[in-house]
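Below, chain A is the first sequence line, B the second, and so on; all start at residue 1.
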Amino acid sequence: MPRHIAGRVGQALVAAFGVLSIVFVVLHLSGDPTLLLVPPDASAAQIAELRHALGFDRPLLAQYLAYLGQLAHFDLGQSLVQRAPVAVILAARIPYTVELALAALAVAIGLGLPAGIAMAVWRGRPAARLLAVVVLAGQSLPTFWSGILLILLFGVTLGWLPTSGADSASSVILPAVALGLVTMAGFARMMRIAMLDELGRDYVAAARARGLSRGAAILRHVLRNAAIPVVTIAALEIGNLLAGAVIVETVFAWPGIGQLAMQSIAARDFLVVQAVVLFVSLVYIGMNLLADLAYAWIDPRIRRGP
Amino acid sequence: MGKLWLALLAGLAVTPAQAAAVKDALVVDLPGDVATMDPQLQWDTDSYTVYRNIFDNLVTRDSTGKIVPQVATAWHYTDDKTIVFDLRTDIKFQDGTPLTPADVVFSVQRIIDPAFRSPQLSQFNQIASADVTGPSQVTLHTKTPYPALLAQLVKLSIVPKAYVQKLGNQGFNQKPMGSGPYRLQDWQRGVQSVLAANPAYWRGKPPFATVTFRAVPDTATRIADLRTGRADITRGLSPDDAIALKSEHALKVLSVPTERVAYLFINAEAGPTKDVRVRQAIAMAIDRDTLITALQQGYAKPVNIVLTPANFGYVSDIPGWPYDPARARALIKEAGAEGAKLQFLTSPAYDRRLNEAVQQMLGEVGLKVEIVTMDQATYLKRRQGTPQEAGSLSQGRWSCACQDADGVIFPLFRSGSIWSKYSNPAFDAAVDAARSVLDPAKRLAEYHKAFTILREDVPGVGLFQDVAIYAARTNLQWTPTANEAFFVMDMHWTP
């Protein structure tokens, strides 16, 4: 067990280091970001002065080492546009994104698991096919479109829910549904496959032979076993929800890190962009690690290994 | 599903009736949040839309664009480089302390201090020094005679010296305080800024008790907010949005031609466009009326030069190049440039449709335009680099926020400037002269010379004057201005 954990953690650290380096390379790909930071009417002398002040005229390796050194001290730097610490700017947005991701996960699980169970239990019936179409539609609609439709229907026409912002408790509902619908499909399909797999096993037949009704057999035995792969998906999906939040947060004016990323790109606030990319990547890696460990914990065959 | 569609269609056609009660609050949907509340730092539209309501300026512009007194009551030049301002003595900051000449001098010194690194530095760095020269008087010295000074001072917010020094720059950015009609009540970064009326404001009682500026990046969502009454006014709409809103009874579209000019850059120092005949042919190949009617849906005004009538230095009697594809084709043939390949450099920050329209129009006269899209940093590096790197064509929408030709054709075409890929000593002499004499008539004569030269040399073509588009609830009264200022003090509900 400890060897398994150590291996996984080691892999995650390597991945994290890779991400840090890729982010650095991408942001320096075009040479240097100074040009993005100066006003359009700046003179060549002003540009050179700022380039020197920010250290972009140093050798790339020196800049890379300085960057790693800063990160080692958890120093994300100062936003050149907002003139405030990047960590403060980022920290203010994280709770919103976490709230949205959890609400969307609730929507996805709340709709996806029952849909998956129903599709497995009703296999072959028209109802199951209809559900499959609905699930597929939920996944296929791009969020920038479904988001606007939700706003027009529930915000403008019916007037039930706020059209934008995060100023009331009900504000999270529409963005969570828009984001959750996409993720729901994954849960539904995974649940369906896991259920079908389990339903065909001998223990189900044995339970039925003992006189258990089909419903009772599903409830007592099948669901528990089928849940194992689904739990790990949930952890992985949190990473996807963070990435998907960029568009949903922009459409619904939800002030999370996705919107921050868009605003910072538009304002050319590259240190903030860098911090958002790092944060999302590290959460993704962290969640993958968590999923691996959870899987091992749930299914002892994995942690024993060969 | 059928019902859902019906409901949606109904939502597009009608707007729910809104309570017509007089509201004491104004809600503004902006595309983005305030970057800095410190008015001497960021100068992006979202930031200055908010913070300029918290501060006063030395001078301002009236609704016709004329520069008129605000904190200063009068001004006069004692010599070409020295200007004396008399100040009001009845203005108080929002903490009750009086606004003094020392605050004005501090505001100038702060923004021109290179160590402060204001992004607005280039707008003010012609000022050499500022001094208190009387109990209600300040004197500014410029490095050279600087005719655009007053136009720049329109944008200089007066900040309280003692308060800024007490809080420090970061503290002041977090909790700004000025002498304007509104004070900052609450700022949730990235979410919204709430301003509250300053009841003691010297120009009278502000029209709304509170003003909330919300950050709503998506245009469709901003329009949905307007429809449901969640917001009262929004900015940054496209011509297509404006057309779509025309049938809404509860909403109205407000638009104003701005000082922003859309132009096509043509590289005069490298590639096939080094030949002036090719550049003149390009000017005649572009159907600017079609750009305005088809691309801008009429939300643009034609221009004859690379400048708008909202700027000082605009000359109306220089004819623009006529749309004449036959002559363009002949000129290209004469120059031996048929089938020449032109690189059109661009980035996602620019209107893709305009790139493609230009590509097609030039294709029709025998030029092969290759649109090269790159990220903004790479684009700027190449566009501002050597003439060989800069490509043959690119588009831009330029505004100096100073309404003066000096802020437009000097950075765009004066040799030595990073954007210029053109060199003509006669043009340089004219724009140099125009920025160093104060007499408006003499300046105008120099700009006439400069634009006459630009017309023949064609290092760029003016495409149209951009229009700013706002949408508001029908009962909100306001007239937008060419400099895209957003002073809440000038708005009110219809009684």
Side-chain angles (χ1 to χ4, degrees), chain A residues 27 29-44 46-47 49-50 53 79-85 88-89 92-93 96 144 147-149 151-153 155-159 162-167 247 249-253 255-256 259-260 262-263 265-270, chain B residues 4 7-8 10-12 15-16 29 31-33 35-36 38 41-44 114 117 119-123 125 169-170 173-174 188-192 214-218 220-222 224-225 227-228 230-231 349 374-381 384 396 398 400 407 410-411 416-419:
Chain A
L27 280 165
L29 212 54
S30 53
D32 94 61
T34 322
L35 294 178
L36 294 174
L37 303 171
V38 293
D41 55 350
S43 66
Q46 281 172 321
I47 293 174
E49 195 216 355
L50 185 68
S79 158
L80 295 160
V81 174
Q82 299 193 36
R83 303 275 177 125
V88 171
I89 295 169
R93 303 299 193 96
Y96 288 104
F144 59 83
I148 290 296
L149 286 190
I151 289 174
L152 285 178
L153 178 61
V156 178
T157 306
L158 299 172
T163 42
S164 69
D167 41 9
I247 291 164
E249 288 182 359
T250 301
V251 170
F252 288 93
Q259 199 198 53
L260 177 67
M262 292 297 277
Q263 286 171 346
I265 291 167
R268 304 164 186 181
D269 198 352
F270 85 97
Chain B
L4 191 141
L8 272 172
L12 293 172
T15 312
D29 266 13
D33 181 35
T36 60
D38 186 333
L41 290 175
Q42 291 306 325
W43 184 255
D44 61 286
R117 272 186 211 299
Q120 302 174 52
L121 177 63
S122 58
Q123 300 171 22
N125 62 359
N169 287 334
Q170 279 217 3
N173 188 19
Q174 200 62 37
Q188 291 170 266
R189 265 184 202 272
V191 186
Q192 62 179 27
R214 305 170 71 237
V216 184
D218 194 278
T221 313
R222 294 205 296 281
D225 284 348
R227 283 201 180 129
T228 55
R230 203 169 167 76
M374 50 206 117
D375 68 279
Q376 184 72 8
T378 313
Y379 166 76
L380 289 175
K381 194 178 172 199
Q384 299 176 352
W398 191 274
C400 63
F410 194 96
S417 132
I418 51 175
W419 296 95

- Message: I'd like to know whether B:Arg230 forms a side chain to side chain contact (heavy atoms under 4.5 Å, CB included) with A:Asp167, so could you lay out the CA-CA distance, the side-chain angles of the two residues, the decisive distance to 0.1 Å, and finally the verdict.
- Response: CA-CA 12 Å; B:Arg230 203 169 167 76; A:Asp167 41 9; 2.6 Å; yes
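Under the 3.5 Å distance criterion, the side-chain polar atoms of B:Asp33 are left unmatched by any main-chain donor or acceptor of A:Leu260. In this structure a side-chain-to-backbone donor-acceptor pair under 3.5 Å is present from B:Thr221 to A:Val251. Looking at B:Arg214, its side chain does come within 3.5 Å of a backbone N or O of A:Ser164 through a donor-acceptor pair. Counting only distance, with no hydrogens or angles, the side chain of B:Gln42 and the backbone of A:Gln82 share no donor-acceptor pair below 3.5 Å.
At a 4.5 Å heavy-atom cutoff, the contact between B:Trp419 and chain A is made by side-chain atoms alone. Of the two parts of B:Asp225, the backbone and the side chain both hold a non-hydrogen atom closer than 4.5 Å to a non-hydrogen atom of chain A. No part of B:Arg222 comes within reach of chain A, as not one of its non-hydrogen atoms sits under 4.5 angstrom from that chain. For A:Ile47, the part sitting under 4.5 Å from any heavy atom of chain B is the side chain, from C-beta outward, and nothing else. For B:Gln120, no part sits under 4.5 Å from any heavy atom of chain A, backbone or side chain. Using a 4.5 Å cut-off between heavy atoms, B:Ile418 touches chain A through its side chain atoms alone. Proximity to chain B (any heavy atom under 4.5 Å) is shown, for A:Phe144, by neither the backbone nor the side chain. Contacts between B:Gln174 and chain A at a heavy-atom distance below 4.5 Å are absent for every atom of the residue.
Heavy atoms only, all atoms of each residue included: A:Gly155 and B:Thr228 are closest at O-CG2, 3.4 Å. Across A:Gln263 and B:Gly32, no two heavy atoms sit closer than the pair NE2-CA, 4.3 Å. In plain terms, the two heavy atoms of B:Ala215 and A:Ala253 that are nearest each other are O-CB, 3.5 Å. Of all heavy-atom pairs spanning B:Gln170 and A:Arg83, the tightest one is NE2-O, 3.8 Å.
By number of non-hydrogen pairs under 4.5 angstrom with chain A, the leading residue of B:Gly190, B:Gly396, B:Pro411, B:Pro31 is B:Gly190.
A heavy-atom distance below 4.5 Å is found between the side chains of A:Leu152 and B:Arg227.
When only modelled atom types and interatomic distance are considered, B:Asp218 and A:Thr250 share no side-chain donor-acceptor pair under 3.5 Å.
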